[in-house]
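Worksheet: the structure to be examined is printed underneath.
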Number of protein chains: 2
Amino acid sequence: MARGLKPAQMRTYFALTEAVSLLQHAVQEQLQAEGGLSYVQFEVLAKLVDAERPLTMTELADGVVYSRSGLTHQAGLLENAGLIVRKVSTDDKRATVVDITKAGRVRVAKVLPGHIAVVRTLLYGALSEPDVLVLGDLMARVRDHMRNRPPRSATPRKRARNAD
Amino acid sequence: MARGLKPAQMRTYFALTEAVSLLQHAVQEQLQAEGGLSYVQFEVLAKLVDAERPLTMTELADGVVYSRSGLTHQAGLLENAGLIVRKVSTDDKRATVVDITKAGRVRVAKVLPGHIAVVRTLLYGALSEPDVLVLGDLMARVRDHMRNRPPRSATPRKRARNAD
DNA sequence: TATTGTTATACTCTATAACTATA
DNA sequence: TATAGTTATAGAGTATAACAATA
């Protein structure tokens, strides 16, 4: 259990992290340049578009961000920009229901083609169609495996200060 | 050129980004908890260990961080923590040569097993050995494709303000 | 003039803890 | 008591621009 990674595993890990880092950087730059959106903000809007119904903050937080206050902050920015609206839920008055506005949909529509272009060019420019299927299968399995495993279990220790 | 992504491409993209996001989050938490290191700081130290010689700031910046000032800041933190040393290069007096200290090596050794454990558990827990080879091959091709393509070319526009 | 690196500064993101309100 | 969400606050990361020194 304390043994290392095999050379092939090391190479794969480094290739994966570097490739994804480059991709994320390009994607973030595109979203910022063409829509003034951070990636998280885009995710929130995309999630609302995809859901085709208003979502609660808790539903939105699922998978998007790792703290409630972080989502509250981002939602505040998006609301100030007129891209979403928040109101108290009628079902459960503790809950906040978030809906995307017309302007929000316009913004997503404005940004999406460029976003897709970046992904297609950078990620899929080097892959054949069968490659895409294989990669999708592999990463779906990895993703499902991680989802089913509370991240904390691997790192149960207290948090330390940075680099000291 | 303005067409979208095929369903298989969409699924692959989402699986890839979510899986890597979960992995990165777990990795960052482990590095912070067990070594008080951010991922970038770990990368810098790992790069110095791997190089087996002092590196200039420019060499270090290559692939690690996206601005020189960002690296200067991180190097300052690592130097304050006693994990690296900086001095003026004798070859080119404009250059700064960065070397890892004994304490730096100790820190890497302290953190590495846990880091590897997280990667092995989360990333490779769902993959067979052949899978790892296939994934490594795919991502190496994607990475090389991105490296050879200046990221700016896909997003030539000016930067906008956030979400407004 | 171009390049290496630092500094000053500002902005964004994220997280923790305390708090309100409802279930 | 537990849950949904917000607020206040603080810390960390990153970037731009101006700058100094060297090539």
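Naming: A, B, ... by sequence-line order, numbering from 1 per chain. The structure presented is a predicted model; accordingly, all values stated were derived computationally and were not measured.
Between A:Phe42 and A:Leu112 the shortest side-chain heavy-atom distance falls below 4.5 Å. Considering only heavy atoms from C-beta on, B:Leu71 stays 4.5 Å or farther from B:Val40 through its side chain. Residues B:His115 and B:Tyr39 are in side-chain contact: their nearest non-hydrogen atoms beyond the backbone lie under 4.5 Å apart. In this structure the side chain of B:Asp62 never reaches within 4.5 angstrom of the side chain of B:Thr58, judged on heavy atoms.
For D:dA12, neither phosphate oxygen OP1 nor OP2 lies less than 4.0 angstrom from any side-chain nitrogen or oxygen of B:Gln41. The side chain of A:His25 places an N or O atom within less than 4.0 Å of a non-bridging phosphate oxygen (OP1 or OP2) of D:dA15. Dashed line: the shortest gap from a side-chain N or O of B:Arg86 to OP1 or OP2 of C:dT6 is under 4.0 Å. Taking only side-chain nitrogens and oxygens, B:Ser69 never comes nearer than 4.0 Å to OP1 or OP2 of C:dT7. In this structure, B:Ser38 reaches the D:dG13 phosphate: one of its side-chain N or O atoms is under 4.0 Å from OP1 or OP2.
Partners of B:Glu43 by salt bridge (charged side-chain N to carboxylate O under 4.0 Å, His left out), not counting sequence neighbours: none found.
Rounding to whole angstrom units, CG of residue B:Leu78 and P of D:dA12 are separated by 13 Å. Regarding A:Glu29, its CD atom lies at a distance of 16 Å from the P atom of C:dT12, rounded to whole Å. The distance from atom CG of A:Leu55 to atom P of D:dA4 is 15 Å, rounded to the nearest whole Å. Look at CG on B:Asp62: it is 15 Å from C1' on C:dT4, rounded to the nearest Å. One atom, CG of A:Leu31, and another, P of C:dC13, lie 12 Å apart when rounded to the nearest Å. Atom NE2 of A:His73 is separated from atom P of C:dT16 by 16 Å (rounded to the nearest Å). Atom CZ of B:Phe42 is separated from atom C1' of D:dA12 by 19 Å (rounded to the nearest Å). What separates CG of B:Leu71 from P of D:dT16 is a distance of 15 Å, to the nearest Å.
For the 3.5 Å distance criterion, the side chains of B:Asp131 and B:Ser128 qualify, holding a donor opposite an acceptor.
Where the helix from C:dT1-D:dA23 to C:dA23-D:dT1 starts and where it ends, the local axes point in directions that differ by 0°; five pairs per end, rounded to 10°.
With the nearest nucleotide of DNA chain C identified for both B:Met57 and A:Arg68, B:Met57 has the one nearer the 5' end.
Closest to the A:Gln74 side chain, of the nucleotides D:dT14, C:dT14, C:dT6, is C:dT14.
A distance of 13.5 Å separates OG1 in A:Thr96 from NZ in A:Lys93, rounded to the nearest 0.5 Å. Rounded to the nearest 0.5 Å, atoms CD (B:Gln32) and CD (B:Gln28) are 9.0 Å apart.
Ion pairing of A:Arg147 with B:Glu18 is present here, as a side-chain N (NZ or NE/NH1/NH2) and a carboxylate O approach within less than 4.0 Å.
Using a 4.0 Å heavy-atom criterion, one finds that A:Ser89 contacts no nucleic acid atom at all.
Near-neighbour residues of DNA chain C inside residues 90-100 of chain B, defined by a heavy atom below 4.0 Å, number-ordered: B:Arg94, B:Ala95, B:Thr96.
B:Gln30 places no side-chain N or O within donor-acceptor distance of the main-chain N or O of B:Val118, the cut-off being under 3.5 Å.
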